[in-house]
Asks: 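Here it is: the structure, laid out below.
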Amino acid sequence: MSDVMSSNEKVHNLVIVGSGPAGYTAAIYAARAQLEPIIYEGSVTAGGALMNTTEVENFPGFTDGVMGPDLMDSMRKQAARFGAQLITDDIVEMDLKSPIKVLKDGSDNVIRAKAVILATGSAYKEIGLENEKRLSGRGVSWCATCDGFFFRDQTIAVVGGGDSAMEEASFLTKFASKVVLIHRRSEFRASKIMVERVLANPKIEVLWNTEVTDVLGEAKVEALQLRDTVTGSESKRDFTGLFVAIGHIPRSELIVGQIDLDNEGYVKAEGRSTRTNLSGVFACGDLVDHTYRQAITAAGSGCQAALDAEKFLSH
Ligand code: NAP
């Protein structure tokens, strides 16, 4: 029987759901404030999106950069050091409307708490093609660091024009013989430094004004159907892999109908705070952030959420 189960009727101060930079930072602050937080890290997603990245060059304090998983591991240990209770499981149900919040985890434990911080982050966005789903894991991937190794000496495509696509394309040149970066417009939205790195890489070819309209292949990816977004002309080109890096969607599916979301599914926070429309429920990180979506801004908003929760609990 787990600690949480044995304290079934106990009302905890604070449960944090999600464990990227936002969740772990909230846990560090809440634990230091002696709120004895429980943090649900997720069963397969513990550590969040940074677990799938390589080097993070722009997190302040690391002169020579830091690997995403190492950064998350340090934050995790820092939270544990101050007494946060880390649980590697998912929250599968939440009732957040009553003064005492009731959550159920993936092992059927029921947890009650006076306050909840939501830090569930975001999930990879899909292009939305039927064959993209069908061939997922058979040449279609959303994670170069996870799957790049399988594409040694092959010609692969990366879709997207943001920092993620630049990062994936650059990383994949370690393995692939050629990476073709497919973008639907004629300019990237990624940061200048990352674009310059991509354009200077002889293994990367850019296909501007192009979208993927189908993924072809029976048992695995063999080719992509492409459409020129300016002329509308269609073409087919052979690839053995497709990496989709077109952004993320907020992981708010568990709280739909309970909490105010905007029309893209992000949790609405009051002004510059992390307060939601529900008393005692706070939200931070990519779940609320349309705009910045950096590891450092997520960590900053996790800190704010813990301070907001602490203030709420002290009243
Ligand atoms: P993003 O900045 O939202 O870029 C998404 C890209 O995908 C855009 O270029 C967009 O095209 C394209 N796109 C969206 N939907 C599409 C569709 N259905 N079909 C084809 N293309 C589509 O997302 P991101 O690159 O994942 O970055 C998210 C945030 O994380 C950003 O703030 C970024 O700075 C940050 N990030 C930082 C780093 C780093 O600093 N090391 C690394 C990764 C991510 P349009 O341009 O035409 O809209």
Side-chain angles (χ1 to χ4, degrees), residues 20-22 47-62 64-72 121-133 136 140-146 148 157-172 179-199 201 204 206-215 224-230 232 239 242-251 262 264-266 284-301:
L50 281 169
M51 298 302 282
N52 296 330
T53 62
T54 49
E55 198 172 358
V56 181
E57 292 179 334
N58 49 12
F59 200 92
F62 296 89
D64 302 317
V66 56
M67 297 302 281
D70 293 343
L71 180 61
M72 288 302 96
S122 54
Y124 298 121
K125 192 169 155 188
E126 298 177 4
I127 302 173
L129 303 168
E130 213 171 283
N131 286 329
E132 171 193 17
K133 235 183 196 39
S136 156
V140 180
S141 170
W142 283 262
C143 177
T145 48
C146 316
V158 174
V159 181
D163 282 336
S164 298
M166 303 303 123
E167 194 171 70
E168 300 279 269
S170 298
F171 179 76
L172 287 166
V179 174
V180 179
L181 183 52
I182 301 173
H183 183 41
R184 62 186 179 182
R185 291 189 298 131
S186 58
E187 61 181 345
F188 290 131
R189 72 168 61 230
S191 52
K192 200 160 176 267
I193 185 170
M194 291 174 84
V195 170
E196 280 171 2
R197 213 170 280 169
V198 158
L199 297 179
N201 190 322
I204 300 178
V206 179
L207 280 188
W208 301 104
N209 299 320
T210 304
E211 63 185 5
V212 176
T213 54
D214 204 356
V215 188
L224 297 178
Q225 189 71 33
L226 305 171
R227 194 176 76 89
D228 186 310
T229 55
V230 177
F239 291 101
L242 168 65
F243 285 79
V244 181
I246 60 171
H248 303 83
I249 46 169
R251 295 182 59 203
D262 68 15
E264 288 177 63
Y266 290 84
C284 55
D286 281 5
L287 188 62
V288 293
D289 184 4
H290 281 259
T291 316
Y292 302 105
R293 308 172 55 83
Q294 305 296 305
I296 187 68
T297 52
S301 80

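Start at 1 and go down the list; that is how both ligands and their atoms are numbered.
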Asks: Quick test: of every protein heavy atom, which one is nearest to atom 10 (C) of ligand 1, and how far off is it to 0.1 Å?
Replies: R184 NH2, 3.8 Å

Asks: Any idea which part of N58 is under 4.0 Å from ligand 1, heavy-atom wise: side chain, backbone, both or neither?
Replies: side chain

Asks: Between E57 and ligand 1, which residue portion shows a heavy-atom distance shorter than 4.0 Å: side chain, backbone, both, or neither?
Replies: neither

Asks: For the residue pair L50 and P21, what are the closest heavy atoms and their distance?
Replies: CD1-CG, 3.8 Å

Asks: Is a side-chain donor or acceptor of T229 paired with a backbone partner of N209 at a separation under 3.5 angstrom?
Replies: yes

Asks: Measuring from atom CD of Q294 to atom CG of D286, what distance do you get when rounded to the nearest 0.5 angstrom?
Replies: 9.0 Å

Asks: Would E126 count as a polar contact of ligand 1, with the cut-off being nitrogen or oxygen pairs under 3.5 Å?
Replies: no

Asks: Take V179 and F243 through the side-chain contact (heavy atoms from CB on, under 4.5 Å) test and state the conclusion after the steps.
Replies: CA-CA 10 Å; V179 174; F243 285 79; over 6 Å; no

Asks: Does T213 reach the main-chain N or O of Q225 with its side chain, forming a donor-acceptor pair under 3.5 Å?
Replies: yes

Asks: Can you list the ligand 1 atoms lying under 4.0 Å from a non-hydrogen atom of G247?
Replies: 5 (C), 23 (O), 26 (O)

Asks: When you measure from atom 27 (O) of ligand 1 to every protein heavy atom, which one gives the shortest distance, and what is it?
Replies: S164 OG, 3.7 Å

Asks: Can you tell me which residue and heavy atom of the protein come closest to atom 28 (C) of ligand 1, and the distance to 0.1 Å?
Replies: R293 NE, 4.0 Å

Asks: Please work out whether any backbone atom (N, CA, C, O) or any side-chain heavy atom from C-beta onward of F188 is under 4.0 Å from ligand 1, and answer side chain, backbone, both or neither.
Replies: neither

Asks: To which protein heavy atom is atom 2 (O) of ligand 1 closest, and what is the distance rounded to 0.1 Å?
Replies: R189 CD, 3.5 Å

Asks: Could you identify the single nearest non-hydrogen protein atom to atom 13 (N) of ligand 1 and state the distance to 0.1 Å?
Replies: I246 CB, 3.6 Å

Asks: Looking only at atom types and distance, does a side-chain atom of S301 sit under 3.5 Å from a main-chain N or O of G285, one as donor and one as acceptor?
Replies: yes

Asks: Which atoms of ligand 1 sit under 4.0 Å from any heavy atom of K125?
Replies: 14 (C), 15 (N)

Asks: Check contact between R185 and ligand 1, using heavy atoms of the residue and a distance below 4.0 angstrom.
Replies: yes

Asks: Nearest to atom 41 (N) of ligand 1, what protein heavy atom do you find, and at what distance?
Replies: E167 OE2, 3.4 Å

Asks: For L199, does the CG atom have more than 12 heavy-atom neighbours from other residues, nucleotides or ligands under 6.0 Å away?
Replies: yes

Asks: Does this structure show an ion pair linking R227 with E211, if we count only N-O contacts that are shorter than 4.0 Å?
Replies: yes

Asks: Please indicate whether E130 has more than 12 foreign heavy atoms, meaning atoms of other residues, nucleotides or ligands, lying under 6.0 Å from its CD.
Replies: no

Asks: Please report whether ligand 1 has a polar contact with T291, defined as an N or O pair separated by less than 3.5 Å (distance criterion only).
Replies: no

Asks: Can you tell me how far apart CG (L226) and CD1 (I182) are? Round to the nearest 0.5 Å.
Replies: 5.0 Å

Asks: Starting from atom 38 (C) of ligand 1, which protein heavy atom do you reach first, and at what distance in Å?
Replies: D163 CB, 3.7 Å

Asks: For a side-chain contact (heavy atoms from CB on, under 4.5 Å) check, start with the C-alpha distance between E126 and S136, then their side-chain angles and the critical distance, and finish with the verdict.
Replies: CA-CA 11 Å; E126 298 177 4; S136 156; over 6 Å; no

Asks: Just which atoms of ligand 1 are under 4.0 Å from any heavy atom in H248?
Replies: 26 (O)

Asks: Is it the side chain, the backbone, both or neither of H183 that has a heavy atom closer than 4.0 Å to ligand 1?
Replies: side chain

Asks: Tell me which protein heavy atom sits closest to atom 31 (C) of ligand 1, plus the residue, atom name and distance to 0.1 Å.
Replies: Q294 NE2, 3.9 Å

Asks: Does the side-chain contact (heavy atoms from CB on, under 4.5 Å) test come out yes or no for M166 and L181, once each step is laid out?
Replies: CA-CA 8 Å; M166 303 303 123; L181 183 52; 3.9 Å; yes

Asks: Taking 4.0 angstrom as the limit and counting only heavy atoms of Y292, give me the atoms of ligand 1 inside it, by number and element.
Replies: 32 (O)

Asks: N/O to N/O below 3.5 Å, does that happen between G161 and ligand 1?
Replies: yes

